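Read through the structure below, which is laid out as structure tokens, and then see the notes.
Order of appearance sets the numbers: ligands from 1, and atoms from 1 within every ligand. Small disclaimer: the values here were computed from a predicted structure and weren't measured. Heavy-atom basis, side chains included; hydrogens, waters and symmetry copies ignored.
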Amino acid sequence: MPDGGGTARPAARLVVLAGPTAVGKGTVAACVRQNHPDIWISVSATTRAPRPGEIDGVHYHFVSDAEFDRLIAEDGLLEWAVVHGAARYGTPRAAVEEQLASGRSALLEIDLQGARQVRERMPEAFMVFLKPPSFDELVRRLTGRGTEDAEERDRRLRTAHVELAAEGEFDATIVNSDVETACSELVDLFGQAGRSTGAADTQTTTHDIDQ
Ligand code: 5GP
């Protein structure tokens with residue numbers, strides 16, 4: 001299909017959204033899902049148990065350890081990682097490739113380890129780092145959602161410190177001060193992703209992390 005003609009639709013883009021724990025990646029991705037049906041959002045496979053209200057095939061593909069092993073062995077995952085030292089999470093490769101081949105742009109909402117693997121395997125992917133307005137705000141969000149006990153929270157915050165240092169590896173940064181704004185900035189980047197030339201396109205932000 002020609003890509004240079006005036007009537008050709010823009011090429012499908014693969015955008016990876018990563019960032020530290022509790023920064024709000026899931027909420028921003030949910031906003032894209034609700035408001036931009038033209039962007040397909042990958043459904044990850046995970047070995048963790050479903051939380052109340054989570055639906056298999058919608059929020060995640062909930063799989064056993066054996067099934068996850070099989071996916072890895074078959075090269076069925078574009079990337080995968082053990083997240084927070086607990087469950088395994090991975091991006092089913094075929095679904096991403098099918099969507100891109102059909103001309104639909106795709107968003108992966110994954111952790112930093114996974115983002116690095118995607119960059120290796122699909123260098124054309126556009127890498128977006130979502131960061132909190134401040135480290136204090138990250139602490140507030142992690143404490144506020146109350147899904148982790150104090151020990152686990154401290155462990156995740158230590159990890160978050162390390163993860164925040166990875167910002168420079170990304171093509172663009174979005175500061176998640178407000179979900180709607182972050183969501184629309186992310187959608188705008190799907191357009192920019194098409195003219196990415198790598199590091200030269202790196203965007204910077206004036207917000208600094210406390211600490
Ligand atoms: P949760 O268990 O709270 O849904 O997700 C925990 C973490 O796993 C989040 O940081 C999320 O970004 C990450 N995650 C979700 N799906 C994937 C995936 O397919 N690959 C990787 N590497 N991380 C994922």
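Residue pairs meeting the disulfide (SG to SG under 2.5 Å) criterion with at least one member in residues 75-131: none, sequence neighbours excluded. Each side-chain hydrogen bond (donor to acceptor under 3.5 Å, both in side chains) pair with one or both residues in residues 15-37, not counting sequence neighbours, would appear here, but there are none.
The aromatic rings of Phe68 and Trp80 lie perpendicular to each other, with more than 60° between the two planes, well past the 30° mark.
More than 12 heavy atoms of other residues, nucleotides or ligands sit less than 6.0 Å from atom CD of Glu74.
Annotation: atom 13 (C) of ligand 1 to nearest protein heavy atom, Asp111 N, 4.0 Å. Residue, atom and distance of the protein heavy atom nearest to atom 24 (C) of ligand 1 are Tyr89 CB, 3.6 Å.
Atoms of ligand 1 found under 4.0 Å from any heavy atom of Thr91, numbered from 1 in the order shown, are 19 (O). Close approach to Glu109 involves these atoms of ligand 1, each under 4.0 Å from a residue heavy atom: 11 (C), 12 (O), 15 (C), 16 (N). Close approach of ligand 1 to Arg48 is summarised as follows: ligand atoms under 4.0 Å from at least one heavy atom of the residue are 1 (P), 2 (O), 4 (O). Near Gly114, meaning under 4.0 Å from any of its heavy atoms, are these atoms of ligand 1: 22 (N).
Closest heavy-atom approach to atom 17 (C) of ligand 1 among the candidates Ala18, Ala22, Ser44: Ser44.
Checked by distance only, ligand 1 and His84 stay at 3.5 Å or farther apart across all their nitrogen or oxygen atoms. Of the N or O atoms in Tyr60, one or more lie within a sub-3.5 Å distance of an N or O in ligand 1. Remark: ligand 1 and Ala81 share no N or O pair separated by less than 3.5 Å (distance only, no angle test).
With a heavy-atom cut-off of 4.0 Å, Arg51 touches ligand 1 through its side chain alone. Only the side chain of Val83 comes within 4.0 Å of ligand 1, judged by heavy-atom distances. Under 4.0 angstrom from ligand 1, the non-hydrogen atoms of Lys25 all belong to its side chain.
Cluster membership for Ile41 and Met122, using ILVMFWY side-chain heavy atoms within less than 4.5 angstrom, is shared. Linking Ile, Leu, Val, Met, Phe, Trp and Tyr whenever their side-chain heavy atoms come within less than 4.5 Å puts Leu164 and Leu17 in one cluster. When the side chains of ILVMFWY residues are joined at heavy-atom separations under 4.5 Å, either directly or via intervening members, Met127 and Val15 end up in a single hydrophobic cluster. Following chains of ILVMFWY side-chain contacts shorter than 4.5 Å, one can reach Phe129 starting from Leu189, so the two form part of one hydrophobic cluster.
Contact check for Val16 versus Glu79: no side-chain heavy atoms found under the 4.5 Å cut-off.
Residue Glu79 places a heavy atom under 4.0 Å from ligand 1.
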